[in-house]
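Since this is a predicted model, take the numbers as computed values, not measurements.
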Amino acid sequence: MPYLTLRESHGIYQKFWGRVASPELFESLNAILDAPSFDSVHYVIKDYLDVELFDVGVKTLLEGMALAMRSKRINRHIVVAIVTTNPEIIDTGNAALSYRLDTYPREVFSRLDEARTWIAHVSQTQGA
C-alpha cells in the first residue's frame with residue numbers, strides 16, 4: 001500500500017509515498033473513519049511529501065468530500081492539514097474545493113512542522 005495511517009494522541013497522521021492512485025486514496029479516507037475513537041479525533045494530517053506520482057482525479061476527491069460530509073455527523077471538530085509541495089496535488093485539491101461542499105476546514109503546508117504548528121494553534125483557539 002502506498003500509505004501508512006498512525007493514530008496520534010489527538011489525531012491521525014497519514015504518510016503517502018510512491019504512486020498514489022484513486023482506489024488507495026479513497027481507502028485511506030475509510031481508514032480514518034474506521035479508526036478507533038474517531039469521534040475524539042481533532043485533526044488529520046495527510047503527508048504527500050514523498051509522492052512521486054499522484055494519479056487521482058477531482059471525481060475521487062469529490063467522493064472523499066462527500067464521505068467527509070457524512071462523517072461530520074459523528075465528529076464535527078476535525079481540521080485537515082495537507083503537507084505537499086507538489087503543484088498537481090495542490091491544484092487537484094483546489095479544484096475539488098471549488099465545489100464548496102461543506103467539508104472539514106483544511107490548509108496546505110509545505111512542511112510537516114508548519115502543519116503541526118497550525119493544528120496546535122487551531123486546537124488552542126478552539127479550546128481542544
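- Legend: residues meeting salt bridge (charged side-chain N to carboxylate O under 4.0 Å, His left out) with Asp91, ordered by chain and number and at least two apart, are absent.
- Here Thr5 contributes atom OG1 and Lys46 contributes atom NZ; the two are 7.0 Å apart, rounded to the nearest 0.5 Å.
- Under the 3.5 Å distance criterion, the side-chain polar atoms of Gln14 are matched with a main-chain donor or acceptor of Ser28.
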Check your understanding: Checking side-chain contact (heavy atoms from CB on, under 4.5 Å) for the pair Val79/Trp118: CA distance, chi angles, key distance, verdict?
Key -> CA-CA 10 Å; Val79 295; Trp118 175 72; 3.7 Å; yes
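- Under the 4.5 Å side-chain contact rule for hydrophobic residues, Ile90 and Leu53 do not share a cluster.
- The side-chain heavy atoms of Ile12 and Leu6, taken from C-beta on, include no pair separated by under 4.5 Å.
- Within the structure, the side-chain hydrogen bond (donor to acceptor under 3.5 Å, both in side chains) test picks out the following pairs touching residues 48-69 (sequence neighbours left out): Lys15-Asp50, Arg19-Asp55, Ser22-Thr60, Lys59-Glu63.
- Scanning for salt bridge (charged side-chain N to carboxylate O under 4.0 Å, His left out) contacts around Glu88 gives an empty result, with sequence neighbours left out.
- Taking Thr92 as the reference, nothing meets the side chain to side chain donor-acceptor pair (under 3.5 Å) condition, with sequence neighbours excluded.
- Atom-to-atom distance recorded for Arg111:CZ and Thr117:OG1 is 8.5 Å, nearest 0.5 angstrom.
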**Study point:** Trace of the side-chain contact (heavy atoms from CB on, under 4.5 Å) decision for Ile82 with Arg106
**Key:** CA-CA 7 Å; Ile82 307 296; Arg106 80 171 210 152; 3.6 Å; yes
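- Linking ILVMFWY side-chain heavy atoms closer than 4.5 Å, directly or via other members, places Phe16 and Leu33 in a single hydrophobic cluster.
- To the nearest 0.5 Å, atoms CD1 (Ile78) and OG (Ser40) are separated by 9.0 Å.
- Residues Leu67 and Phe26 form a side-chain contact, since some pair of their non-hydrogen atoms from C-beta on lies under 4.5 Å apart.
- Ring to ring, Tyr3 and Trp17 are not that close: their centroids are 6.0 angstrom or more apart.
- When hydrophobic clusters are built by joining Ile, Leu, Val, Met, Phe, Trp and Tyr residues whose side-chain heavy atoms come closer than 4.5 Å, directly or via intermediates, Tyr13 is grouped together with Leu4.
- Evaluation of the salt bridge (charged side-chain N to carboxylate O under 4.0 Å, His left out) rule for Glu8 yields Arg116 as partners, not counting sequence neighbours.
- Nearest heavy atom pair, residue Ser110 against residue Leu49, reads O-CD2, 3.7 Å.
- Nearest approach of Arg7 to Pro36, heavy atoms of both residues: NE-O, 3.6 Å.
- Tyr104 carries Lys72 over the face of its six-membered ring, with the cationic atom under 6.0 Å from the centre and within 45° of the normal.
- Taking each heavy atom of Ile119 and Ala81 in turn, the nearest pair found is CD1-CB, 4.0 Å.
- Every residue two or more places apart in sequence or in another chain was checked for a salt bridge (charged side-chain N to carboxylate O under 4.0 Å, His left out) with Asp34, and none qualifies.
- The shortest heavy-atom contact between Val83 and Ala115 is CG2-CB, 3.7 Å.
- At least one donor-acceptor pair closer than 3.5 Å links the side chain of Thr84 to the backbone N or O of Asn86.
- The shortest heavy-atom contact between Gly11 and Val41 is CA-CG1, 4.0 Å.
- Using modelled atom types, one side-chain atom of Asn75 and one backbone atom of Phe38 make a donor-acceptor pair closer than 3.5 Å.
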